[in-house]
Colleague: 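First the structure, then my questions, so here it is.
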Amino acid sequence: MLTSILSPMVLAFLLGIIASRVKSDLKFPDSLYQSLTIYLLIAIGIKGGHKLSVAAFSEVWQPSLAAVGLCCTIPLWTYWLMRKAGKFDVPNAAALAAHYGSVSAVTFSAALAFHETLKITYEGFMPSMLAMMEIPAILIGISLARINAPSITGEKQVPLKEVARELLAGKSSLLLIGFLVIGFLVGDSGWDQVAPLFDVPFKGVLTLFLLEAGLVAGRKLSDLKKGGLFLIGFGILFPILHAILGIYLGQLAGLSLGGATILGVLASSASYIAAPAACRVALPEANPSYYLTSALAITFPFNIMLGLPLYHEIAKLIYHIN
Amino acid sequence: MLTSILSPMVLAFLLGIIASRVKSDLKFPDSLYQSLTIYLLIAIGIKGGHKLSVAAFSEVWQPSLAAVGLCCTIPLWTYWLMRKAGKFDVPNAAALAAHYGSVSAVTFSAALAFHETLKITYEGFMPSMLAMMEIPAILIGISLARINAPSITGEKQVPLKEVARELLAGKSSLLLIGFLVIGFLVGDSGWDQVAPLFDVPFKGVLTLFLLEAGLVAGRKLSDLKKGGLFLIGFGILFPILHAILGIYLGQLAGLSLGGATILGVLASSASYIAAPAACRVALPEANPSYYLTSALAITFPFNIMLGLPLYHEIAKLIYHIN
Amino acid sequence: MLTSILSPMVLAFLLGIIASRVKSDLKFPDSLYQSLTIYLLIAIGIKGGHKLSVAAFSEVWQPSLAAVGLCCTIPLWTYWLMRKAGKFDVPNAAALAAHYGSVSAVTFSAALAFHETLKITYEGFMPSMLAMMEIPAILIGISLARINAPSITGEKQVPLKEVARELLAGKSSLLLIGFLVIGFLVGDSGWDQVAPLFDVPFKGVLTLFLLEAGLVAGRKLSDLKKGGLFLIGFGILFPILHAILGIYLGQLAGLSLGGATILGVLASSASYIAAPAACRVALPEANPSYYLTSALAITFPFNIMLGLPLYHEIAKLIYHIN
Amino acid sequence: MNNLNLLTIIAEEALAPSIEKEIVEMGAKGYTSSAVSGKGLHGLRDNQWEGENIKIETIVSEDSCKKILGHLQRKYFERYAMIAFYHPVQVVRTDHFL
Amino acid sequence: MNNLNLLTIIAEEALAPSIEKEIVEMGAKGYTSSAVSGKGLHGLRDNQWEGENIKIETIVSEDSCKKILGHLQRKYFERYAMIAFYHPVQVVRTDHFL
Amino acid sequence: MNNLNLLTIIAEEALAPSIEKEIVEMGAKGYTSSAVSGKGLHGLRDNQWEGENIKIETIVSEDSCKKILGHLQRKYFERYAMIAFYHPVQVVRTDHFL
Ligand SMILES: Nc1ncnc2c1ncn2[C@@H]1O[C@H](COP(=O)(O)O)[C@@H](O)[C@H]1O
Ligand SMILES: Nc1ncnc2c1ncn2[C@@H]1O[C@H](COP(=O)(O)O)[C@@H](O)[C@H]1O
Ligand SMILES: Nc1ncnc2c1ncn2[C@@H]1O[C@H](COP(=O)(O)O)[C@@H](O)[C@H]1O
Ligand code: NA
Ligand code: NA
Ligand code: NA
């Protein structure tokens, strides 16, 4: 527990929140943020691909099914709940569904770091789960909006095929999938060439990125009231629910304790790179101070600070380990 | 001596000066400069905090007193001298006092590198001295201007409380202090996670930063005449004086030869990140081509090229070592 | 062969091409591109200088002659061929001569990586060849345009002396030559201080840079038709010719198999950092979609993917090794 | 005769590619773009997480100006963070823009 | 009736937060900011060491324009590196700016 | 009396140093520059490989404006990717610019 709170990443995130609360002039240049994002996606992808190359297909296909199953169903009930219980309008409910169905590469990285710190092993191919789970939910979320509010039409509406193309060609999935393949192909000698940049300093770069994430999350805190208690409750309870589901499915799919926990983290995490970008274009009617606030200022902090250790305990229960 | 002149950092700084003298189109993008600054401050802070966590309070409090004493008194006589001998007006004298009372994180880093190259040990908690010494002098300098030229009033004047808040929340002290705390808290396991990014390549990054510093210093050289001989003399003699004072106090405070030398370097160094930023806002009447030229184009080059070895020799005298 | 195609660098380049063909929104911030360029030039320079410091003058002077000879003659026959066979006008022929006479630091780096992967030794001072070969050809190319089209005159014309100064003071030669000298001076202790940044992660950074190169090359592909078949043929055959020449001269100059191959790569490579920048200013009449397309979208990809292994085989023939 | 306007469009950065394509189709001979941040009815847009803005400036004839504005209103205005404004300018080579 | 001006303020970048806050208080419905470098009576401002400038553009009514300019003059002009200028512009949705 | 124009020059970024030097020599009291990308008769200029553009804005008297434009036309226009345009602006301290 403490080990995860007192990790440099979490503390850097907290410092970022503090900085923005005390109105610090600390600001990451846009291009640094973009560069760090590119780095993280490449690093996750190439390492995952390298690990995947040494994994047997038999180990991978079941977890993959579980992952796809999760990211295709989560948006459905999320949308339903948002409409019914949350009283959100169609675009906002759909945007939230897209965000929570998709995944957060940074939360994922924090989960890997968490497990490595606790010396808990996990399947090396988990990054491919991350890659698989990113896009489907976003497409489902946007489709839900199209089906339930077909009002806007004609040239105004971005065709779904176009949205799909943009998502697949989008920065995050392109780098993630592209470098999964590269990591898969280059073998050990290739991996050794890039590891000094993409593996060794990874946790340090993640710390830097979380500082920036904290800066933005801190500013979003003031939007919390707009979202209201419901959003806060949702942003904490739903991730827990999804995590339990993910861990359980992970066990069914034959993942190790670590792997299942990480699948749970993926299920519980909400996207804030791919999904917001897609929603701004395809669902402009949705209000960022709902989906971004809940994803970045509620779910993300909860997951990396309390979620990780909590899900780990839950996993131990499910795996009957104490 | 030669080892310090022929260090990659110093040579990169010289190359930067040459580049700007030959009107090279070499320019660091703003965001690279900002990213390097963020990196250096975090790296200094987190390593210092980590070292501090293994130091006993008994070793730290006396040097801390010395450090605070230095940065609170230096601006006083600097201001006095600038007014009397330098014939500077109030704002410019105050700005110079703020700059020379405060400290330079880069000169500090160069001093650490210098000592490590010579295999001279120093107290690991010195970065906390750097953090303590940054802000007080700037506040004192600005207050001096307020007291001695209360002319500007009303909404025009930024309230001193606000200035203090902005300085504490300011990028450099926030990162320095924040990561001192983080480094203090994370322990060895946390440190090992970030060391590959924030410790291992540190000297290389410093080399890069000094190249950029040289580019700017080279351009400021042409402003030297504006400053005149007095400024040049002041920019060299005062740092030496402050260094001797710092080393001497360091010895009294029980620091090792290396630690005392570094305290001397801190005393002699002039700020060119926090102080100029603060003065531009709170002392706009002060002319940058005085304070920035002397800090960046006179004192800084002198310190990293000749100052370090000189102060080291002085320290050996004071410590009766030959 | 496969080892070179399946290297992370080449695959990243291919991914970049794919990304731009599928209209991905992946874009490197300008400042990241500039920062990577600065990094590569410094890294190549300082390492080369360090190696040079341990080399005997007797080994270096003959290869140097060969290098200078190559980069001074290549532009002559390139210009001639472009005018006669290519039917290009004076400015475009001159620009192509400048680009193919000069060298590509990135192709050079890929060649080093290629040899290290195959565990083939090469002379450590090769980067000094790179530095020597960059500028002369550009000056010759521009002079050819001046001589053969003296039309534009008066203040409109940038004086050749000015062009030369700008090239020497230009980012790439200044960093390359400057850090060659620095690397030469700092000795082992200095080198050890910067190696963790400028040597260890080098191949990873190169991978990143090639991803960006692929993004641009992919966009240029659509300009290929403008260039036409002639340009494609030229962009592949001429480099091969130059490579053979370079390898042969390298052998005469007493270089090892690896060194000669790298000299061949230098001869065959076309500049796309220094030369385009110079031509935009000094030869604005030349059309970038000729010189940049052939250098970046034809010759560069050919060299790093097929050229390197091909030149290696050719070298083995010339050196009677099988 | 032919008056030229400098038409400025400030919009959600993600729209840049399509807007740039469309204004050229509608007669603009060129455009100049730069990344900006800002604040408006859609709130603060000053970081990459929430998205920033693109500023697209194009010198066009009055007709093209009207045409482009009409198109922008139909396609984007009511849905996206976006504004547009224009004013007449004197240029050096009028034909360059027509 | 209501003419709109595009008011442009170029100032020491450190002043951005306060200026942006104040112009909104004085009636601006929004603004657009970008980092610029420049040269003027206070000398060259083109690097982060000596500080660069922020360019703040806001479309405002003539009254707000006057009000903001008056405020800037009182609070900043004589002390800081700063200029301001304005000219009338045609906008698409006037109400967006009032 | 003295009308002031805002003269905007958009050109190949490599020309920035010389243009900035020259406009000051021709009477401009200052200028503001920013990096931009764009498209025009010379094609797309939106990446560092092919080069991008600089946008130089200067507030000058009508005479200086004419003088600068004449110079730019003679020295650069026919050879470089470049445009220039201007329009009158109201400023706060006229003398600041003369
Ligand atoms: N009154 C204004 N003056 C200048 N820029 C504005 C103004 N209102 C909006 N903007 C810009 O247009 C973008 C979108 O505006 P809005 O749709 O009102 O949020 C904002 O982020 C600003 O960059
Ligand atoms: N005549 C001018 N034209 C355009 N921008 C100017 C002009 N004068 C000053 N500036 C800008 O305003 C900033 C501050 O001006 P100053 O207070 O004169 O130093 C400068 O750094 C420039 O960015
Ligand atoms: N009609 C236009 N409107 C706005 N900017 C333009 C226009 N035409 C050209 N430009 C800008 O001026 C640069 C050079 O123009 P050109 O010489 O036509 O290629 C382009 O890259 C654009 O940034
Ligand atoms: Na999820
Ligand atoms: Na000091
Ligand atoms: Na060549």
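All chains are named by letter (A, B, ...) in the order of the sequence lines, taking the proteins before the strands, and each is independently numbered beginning at 1.
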Colleague: Measure the spacing between OG of C:S189 and CG of B:L6 and express it to the nearest 0.5 Å.
Modeller: 9.0 Å

Colleague: Please flag which part of C:I38 lies under 4.5 Å from any non-hydrogen atom of chain B: side chain, backbone, both or neither.
Modeller: side chain

Colleague: If I compare all heavy atoms of B:P8 with all of C:I182, which pair ends up nearest, and what's the gap?
Modeller: CA-CG2, 4.3 Å

Colleague: CG/C:D30 to OG/B:S31 distance, rounded to the nearest 0.5 angstrom?
Modeller: 9.0 Å

Colleague: In sequence, state the C-alpha distance, the side-chain angles, and the governing distance for B:S7 and C:Q193, and then conclude on side chain to side chain donor-acceptor pair (under 3.5 Å).
Modeller: CA-CA 9 Å; B:S7 80; C:Q193 294 182 328; 5.4 Å; no

Colleague: I want to check something: taking the side chain as every heavy atom from C-beta on, are C:L174 and B:V22 in contact at a cut-off of under 4.5 Å?
Modeller: yes

Colleague: Give, for atom CG of C:L175 and atom CG of B:L211, the distance between the pair rounded to the nearest 0.5 Å.
Modeller: 6.5 Å

Colleague: Is there a side chain to side chain contact (heavy atoms under 4.5 Å, CB included) between B:K23 and C:R165? Walk through the geometry before answering.
Modeller: CA-CA 9 Å; B:K23 306 215 172 331; C:R165 195 201 60 68; 4.1 Å; yes

Colleague: Looking at B:L32, B:L206, B:L14, which has the largest count of heavy-atom pairs under 4.5 Å with chain C?
Modeller: B:L32

Colleague: From the options C:L197, C:V194, C:I46, select the one residue that forms a side chain to side chain contact (heavy atoms under 4.5 Å, CB included) with B:T207.
Modeller: C:V194

Colleague: How long is the span from the CG atom in B:L11 to the CG atom in C:L185, to the nearest 0.5 Å?
Modeller: 6.0 Å

Colleague: Kindly compute the distance separating OG (C:S172) from CG (B:D25), expressed to the nearest 0.5 Å.
Modeller: 8.0 Å

Colleague: Please determine, among B:A113, B:S24, B:P201, the option with the most heavy-atom pairs under 4.5 Å with chain C.
Modeller: B:S24

Colleague: Taking the side chain as every heavy atom from C-beta outward, state whether B:L208 and C:F198 have any atom pair closer than 4.5 Å.
Modeller: yes

